[in-house]
2 protein chains.
Amino acid sequence: MKGKQNTKDIILQTATRLFQRQGYNGTGLNQIIEESGAPKGSIYYHFPNGKEEIAIEAISMMRKLVLEGAEKDLSGKSSAAEAFEYYLDNVAAIFDARECIDGLSIGLIASETAFTHERLRYSCEMVFKDFQTLYAGILMQYGFKRESAEEIGITIAAMIEGACILSITYQNGNPIRRIAKQLSLLLKMNQE
Amino acid sequence: MKGKQNTKDIILQTATRLFQRQGYNGTGLNQIIEESGAPKGSIYYHFPNGKEEIAIEAISMMRKLVLEGAEKDLSGKSSAAEAFEYYLDNVAAIFDARECIDGLSIGLIASETAFTHERLRYSCEMVFKDFQTLYAGILMQYGFKRESAEEIGITIAAMIEGACILSITYQNGNPIRRIAKQLSLLLKMNQE
DNA sequence: GTCTATAGATAGATAGAC
DNA sequence: GTCTATCTATCTATAGAC
């Protein structure tokens, strides 16, 4: 509604970035406050339920960033294969830059919390399902049948998530580019 | 060499399990000691460099477990597609059981430490490359050309890693089974 | 809405006895 | 090889002034 960057938004943006890079357990509230420059006394005012509440909203923000980026890149191409090639090329470039990987993957926070923080696990599960739904919907736009699109949607989600981990570890976007090529083949083959 | 379970091995096995479930930052030395039942004063005797040293050896153990399991399941089938279908079916069953996911994935510890613990990141990078090499080698056993095998090897590593994250989050092995089907198609298509 | 101060717990790590 | 005791740092969270 209002364009102004209020304290809550600043905290949330910083937390989102740190959670993505260091994970939930690796990020302290102190660090979030320090790096955001937000008033130290304000964190429990804006997030009465503490760290877990911040994480839930951060996951929601990651979801938004991924969905927006993907939707934009995946639309208006001449085929599903071309759409995902274009999208993943952009994702790979982000890993090459190595600065900011905001909104790229929730895999870290998902696997960290799956056994230990049920509410966070559930949030991540819902986001992954949104990713699958997005990919399936895109495939249907390019002519895939619903059943086939849903089947491949989860595969695309897994491939991208896994390739993000490899790219983070290798410190470059090459793994993304490699799976992009194979995904393209897969899509051309499945295209009816 | 000796079959006896010494204290160091007990600590290492417990640490490996905990790191896989909770990550590096989510696992404390106290918890490792408590759950292993190892003598509390012995941890810095066996691992003078502390937590990071334990993690490096734990990563090495995860590597061993994955490679052994994969190598066994992937050998002696009649095609690459059949081999990976068999292997991934076994992996999926482990996630259904939800008890022990030892030696299933190093993605969590890799992405947790990529930006913050260079030595651990490097260890994980080497392990991922071993995975790729294993998969490529298996594909060559089933008649793939070297170049093609290496190209697909990294894709398989990414798919499995990503599907493991989805399966951990969803608390069942279905994502693994889904990618197994698509991987099978991909292999049949690439097979010369 | 923001501040300081601090509680209360736990972290990783070290020293020195045995 | 193992033990206890302890140090220091950090963490999440709360209380209460402004």
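Because the structure is a prediction, the values reported are computed rather than measured. Order of the sequence lines fixes the chain letters, A, B, ..., with proteins taken first and strands second; residue numbering starts at 1 for each chain.
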Could you label the plane-to-plane angle of the Y87(B) and F84(B) rings as parallel, tilted or perpendicular, counting under 30° as parallel and over 60° as perpendicular? perpendicular

Could you check how far CD of E34(B) sits from C1' of dA11(C), rounded to whole Å? 13 Å

Between G41(B) and K51(B), just flag the one whose closest nucleotide in DNA chain C comes earlier from the 5' side. K51(B)

Between G50(A) and Y45(B), just flag the one whose closest nucleotide in DNA chain D comes earlier from the 5' side. Y45(B)

Among dG12(C), dT2(D), dT14(D), which nucleotide has an atom closest to any side-chain atom of T7(B)? dT2(D)

Atom CG of L18(A) to atom P of dC11(D): distance rounded to whole Å? 12 Å

Heavy atoms from C-beta onward define the side chain here; which of dT12(D), dA13(C), dT2(C) lies closest to that of L29(A)? dT12(D)

Cut-off 3.5 Å, side chains only: do E161(A) and S105(A) have a donor facing an acceptor? yes

When the distance from CZ of F47(B) to C1' of dT2(D) is rounded to whole Å, what number comes out? 15 Å

Taking OP1 and OP2 of dC11(D), is either one under 4.0 Å from a side-chain nitrogen or oxygen of N30(A)? yes

Closest to side chain of S42(A), choosing from dT2(D), dT2(C), dT12(D): dT2(C)

Mind calculating the distance between CG (N25(A)) and P (dG12(C)) to the nearest angstrom? 11 Å

Please name the pair of heavy atoms, one in I32(B) and one in T14(B), separated by the smallest distance, quoted to 0.1 Å. O-CG2, 3.8 Å

Just how far, in rounded Å, is P of dT2(C) from CD1 of I43(A)? 12 Å

Here the distance between atom P of dG1(C) and atom CD1 of I10(A), to the nearest Å, is 13 Å

Could you tell me how far apart N49(B) (CG) and dA13(C) (P) are, to the nearest whole angstrom? 9 Å

Look at atom CD of E118(B) and say whether more than 12 heavy atoms of other residues, nucleotides or ligands are closer to it than 6.0 Å. yes

Could you check how far NZ of K40(A) sits from P of dG1(C), rounded to whole Å? 21 Å

Mind telling me whether Y170(A) and F128(B) have parallel, tilted or perpendicular rings, with 30° and 60° as the class edges? perpendicular

By nearest atom, which of the nucleotides dC3(D), dT2(C), dA13(C) is closest to the H46(A) side chain? dT2(C)

